[in-house]
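First up is the structure itself, then whatever we jot down about it.
Heads up: numbering here begins at 1 and tracks the sequence. All values below were derived from every heavy atom in this structure, side-chain atoms included, with hydrogens, water molecules and symmetry-related copies excluded.
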Amino acid sequence: VTSLMSNEIVVVSNPDADFVTAAKKWPTWDCEPSKFPWSYGQEETCYVLTGRVTVTPNGGKPVEIKAGDKATFPQGMGCTWEVHERIEKHYKFN
């Protein structure tokens, strides 16, 4: 079991088929190109269907997330989302 530090985003490109099958049952969220602040009240895992975004944790390094990626955002993290191409994702709060 890996514990996440407060500003660590974990990205997995091409996650396994079992994860993708499960993720496709989660709710979806989408957003047009834009830039906005966000904070995570609880840990979130998502699977990106389309688009590309750069998420920059407050005080941290930017992380690019794109279609086909699994991303996990830690509880308590504040960040800025910069959506470059319209994004659609499945998500769940852990």
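The two atoms that bring Pro15 and Gly68 nearest to each other are CD-O, 3.1 Å, heavy atoms only. Summarising the geometry of Pro57 relative to Cys79, their closest heavy-atom pair is CA-CB, 3.8 Å, with the distance given to 0.1 Å. Residues Thr56 and Gly60 approach most closely at CG2-O, 3.7 Å, considering heavy atoms.
By the 6.0 Å contact criterion, CH2 on Trp29 is enclosed, its count of non-hydrogen atoms from other residues, nucleotides or ligands being greater than 12.
The side chain to side chain contact (heavy atoms under 4.5 Å, CB included) test with Tyr47 singles out one residue from Thr28, Val20, Val12, and that residue is Val20.
Every residue two or more places apart in sequence or in another chain that forms a side-chain contact (heavy atoms from CB on, under 4.5 Å) with Val63 is listed here: Ile9, Val11, Ile65. The side-chain hydrogen bond (donor to acceptor under 3.5 Å, both in side chains) test applied to Trp81 returns Tyr40, not counting sequence neighbours. Under the salt bridge (Lys or Arg N to Asp or Glu O under 4.0 Å) criterion, Glu85 pairs with Arg52, sequence neighbours left out. Residues passing the side-chain hydrogen bond (donor to acceptor under 3.5 Å, both in side chains) test with Thr54, sequence neighbours excluded: His84. Contacts of Tyr91 classified as side-chain hydrogen bond (donor to acceptor under 3.5 Å, both in side chains), with partners at least two apart in sequence or in another chain: none. In this view, Ser34 and Cys31, Phe36, Val83 satisfy the side-chain contact (heavy atoms from CB on, under 4.5 Å) rule, not counting sequence neighbours. The side-chain contact (heavy atoms from CB on, under 4.5 Å) test applied to Asn14 returns no partner, not counting sequence neighbours. Take Ser13 and apply the side-chain contact (heavy atoms from CB on, under 4.5 Å) test, not counting sequence neighbours, and it matches Lys66, Asp69. Partners of Glu32 by side-chain hydrogen bond (donor to acceptor under 3.5 Å, both in side chains), not counting sequence neighbours, listed by chain and number: Arg86.
The OG1 atom of Thr45 lies 14.0 Å from the NE2 atom of His90; values are rounded to the nearest 0.5 Å. Rounding to the nearest 0.5 Å gives a distance of 10.5 Å between CD of Glu82 and CD of Glu64. Put simply, CH2 on Trp26 and CZ on Phe93 are 11.5 Å apart, with the number rounded to the nearest 0.5 Å. Thr50 OG1 to Asp30 CG: the interatomic distance, rounded to the nearest 0.5 Å, is 8.0 Å.
Pairs engaging residues 15-29 under the salt bridge (Lys or Arg N to Asp or Glu O under 4.0 Å) rule: none recorded [sequence neighbours left out].
Clustering ILVMFWY residues whenever any of their side-chain heavy atoms sit less than 4.5 angstrom apart, transitively, puts Phe19 in a cluster other than the one holding Val10.
Of the possible donor and acceptor atoms, one in the side chain of Gln75 sits under 3.5 Å from a partner among the backbone N and O of Gly41.
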